[in-house]
Amino acid sequence: MTRFKNILRRTYRKDEHLFLMKRKESFEKDDLGFAKQKYESIKKLCGIIQKQQYMDIDDKGQESNPTYTAYLIPNFDLERENLNEYRIKYERPYETMILKIKSYNPNLFLRHKRHHIEIHLILEKKYA
């Protein structure tokens with residue numbers, strides 16, 4: 001854990017924040033009659049998010065959704081069967097991103113202790 005915390009200390013930016021969000025029930029409807037999806041922040045996370053350096057390009061010449069990888073300190077647990085209920089909010093001074101969880105690996109151990117969590121994410125929304 002100390003190696004990972006040392007990396008976090010060196011890469012820490014005080015104006016960037018990560019939050020774990022969970023979907024809450026909403027009875028409001030949008031213009032088409034579907035229920036609006038609202039998320040509430042559950043926990044502030046400690047870790048780093050990296051953007052993939054390459055992007056796939058489809059047959060029409062359009063880029064795919066950007067993918068990200070998060071490495072986080074294991075101070076939370078997610079229900080694996082309900083990953084669609086969770087989002088990660090990544091706030092920076094110039095933008096806020098809502099990231100959808102694609103895969104979740106909490107079982108990264110070092111010397112019989114849970115060392116860190118790796119989460120693969122897809123960009124869902126971006127606010128400038």
Side-chain angles (χ1 to χ4, degrees):
M1 184 70 88
T2 58
R3 289 183 187 167
F4 187 62
K5 285 186 178 178
N6 286 338
I7 292 170
L8 288 179
R9 234 179 275 125
R10 282 183 269 149
T11 59
Y12 178 72
R13 294 183 182 131
K14 63 180 179 180
D15 51 356
E16 291 185 2
H17 305 284
L18 296 170
F19 297 97
L20 179 65
M21 301 172 69
K22 186 172 182 178
R23 184 184 315 183
K24 68 177 185 176
E25 288 189 33
S26 174
F27 299 105
E28 295 179 33
K29 305 273 184 190
D30 62 3
D31 295 338
L32 298 175
F34 295 108
K36 288 185 179 179
Q37 293 185 5
K38 293 194 175 193
Y39 294 90
E40 61 183 345
S41 295
I42 297 175
K43 186 171 192 82
K44 186 169 180 171
L45 303 176
C46 185
I48 55 175
I49 291 185
Q50 296 178 333
K51 183 178 179 182
Q52 294 289 337
Q53 294 300 316
Y54 64 91
M55 292 178 66
D56 295 330
I57 299 176
D58 65 6
D59 296 335
K60 296 177 185 173
Q62 296 177 341
E63 294 179 340
S64 63
N65 266 354
T67 58
Y68 297 82
T69 304
Y71 300 98
L72 306 168
I73 289 181
N75 58 358
F76 66 95
D77 282 315
L78 301 179
E79 302 167 13
R80 285 181 175 251
E81 56 275 352
N82 294 329
L83 284 181
N84 201 29
E85 299 286 319
Y86 297 97
R87 299 290 187 268
I88 291 183
K89 183 178 183 181
Y90 183 32
E91 291 182 348
R92 295 192 256 186
Y94 52 90
E95 69 183 352
T96 299
M97 294 186 290
I98 305 295
L99 303 164
K100 183 178 179 180
I101 298 173
K102 191 165 101 174
S103 67
Y104 167 66
N105 187 0
N107 299 321
L108 299 170
F109 285 85
L110 181 66
R111 295 186 191 102
H112 308 290
K113 289 187 180 178
R114 205 165 147 200
H115 189 255
H116 67 279
I117 295 172
E118 182 179 352
I119 300 177
H120 295 278
L121 306 157
I122 300 173
L123 179 64
E124 186 173 74
K125 290 182 185 176
K126 189 176 195 178
Y127 305 103

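All values derive from a computational prediction rather than experimental measurement.
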Measuring from atom [atom1] of [X] to atom [atom2] of [Y], what distance do you get when rounded to the nearest 0.5 angstrom?
X      : Y      : atom1 : atom2 : result
Phe76  : Cys46  : CZ    : SG    : 11.0 Å
Leu78  : Leu83  : CG    : CG    : 6.0 Å
Leu18  : Ile88  : CG    : CD1   : 7.0 Å
Thr67  : His120 : OG1   : NE2   : 9.0 Å
Ile117 : Leu45  : CD1   : CG    : 8.5 Å

Any side-chain heavy-atom pair of Lys38 and Glu28 under 4.5 Å: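 Yes. Closest side-chain heavy atoms under 4.5 Å.
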Taking only residues two or more places apart in sequence, or in another chain, which ones meet [X] in a side-chain contact (heavy atoms from CB on, under 4.5 Å)?
X     : value
Glu40 : Lys24
Asn84 : Arg23, Arg87, Lys100
Ile42 : Lys22, Tyr86
Tyr94 : Arg92

Same cluster (ILVMFWY, side-chain, under 4.5 Å), Ile122 and Phe19: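 The answer is no; the residues belong to distinct hydrophobic clusters.
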Whichever hydrophobic residues join Tyr39 through chains of side-chain contacts under 4.5 Å: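 Hydrophobic cluster check, Tyr39: joined to Met21, Ile98, Tyr127.
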Among Lys89, His17, Lys125, the one residue meeting side chain to side chain contact (heavy atoms under 4.5 Å, CB included) with Thr96: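 For Thr96, the side chain to side chain contact (heavy atoms under 4.5 Å, CB included) test succeeds with only one of Lys89, His17, Lys125, which is Lys89.
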Name of the residue among Ile119, Ile48, Leu20 meeting side chain to side chain contact (heavy atoms under 4.5 Å, CB included) with Leu72: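 So, applying the side chain to side chain contact (heavy atoms under 4.5 Å, CB included) to Leu72 and each of Ile119, Ile48, Leu20, only Ile119 qualifies.
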Test side-chain hydrogen bond (donor to acceptor under 3.5 Å, both in side chains) applied to Glu85 - qualifying residues, sequence neighbours left out: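 With sequence neighbours excluded, Glu85 shows a side-chain hydrogen bond (donor to acceptor under 3.5 Å, both in side chains) to no residue whatsoever.
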Pairing residues for Lys43 by the side-chain hydrogen bond (donor to acceptor under 3.5 Å, both in side chains) criterion, not counting sequence neighbours: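 Lys43 satisfies side-chain hydrogen bond (donor to acceptor under 3.5 Å, both in side chains) with no residue once adjacent residues are dropped.
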Heavy-atom pair of closest approach, residues Leu121 and Ala70: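 Where Leu121 meets Ala70 most closely, the heavy atoms are CD1-CB, 3.9 Å.
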Check: Glu16/Tyr90 side-chain N/O donor and acceptor closer than 3.5 Å: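 Looking only at side-chain atoms, Tyr90 and Glu16 do form a donor-acceptor pair, the distance falling under 3.5 Å.
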Any residue meeting salt bridge (Lys or Arg N to Asp or Glu O under 4.0 Å) with Lys126, in chain and number order, not counting sequence neighbours: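 By the salt bridge (Lys or Arg N to Asp or Glu O under 4.0 Å) rule, Lys126 matches Glu95.
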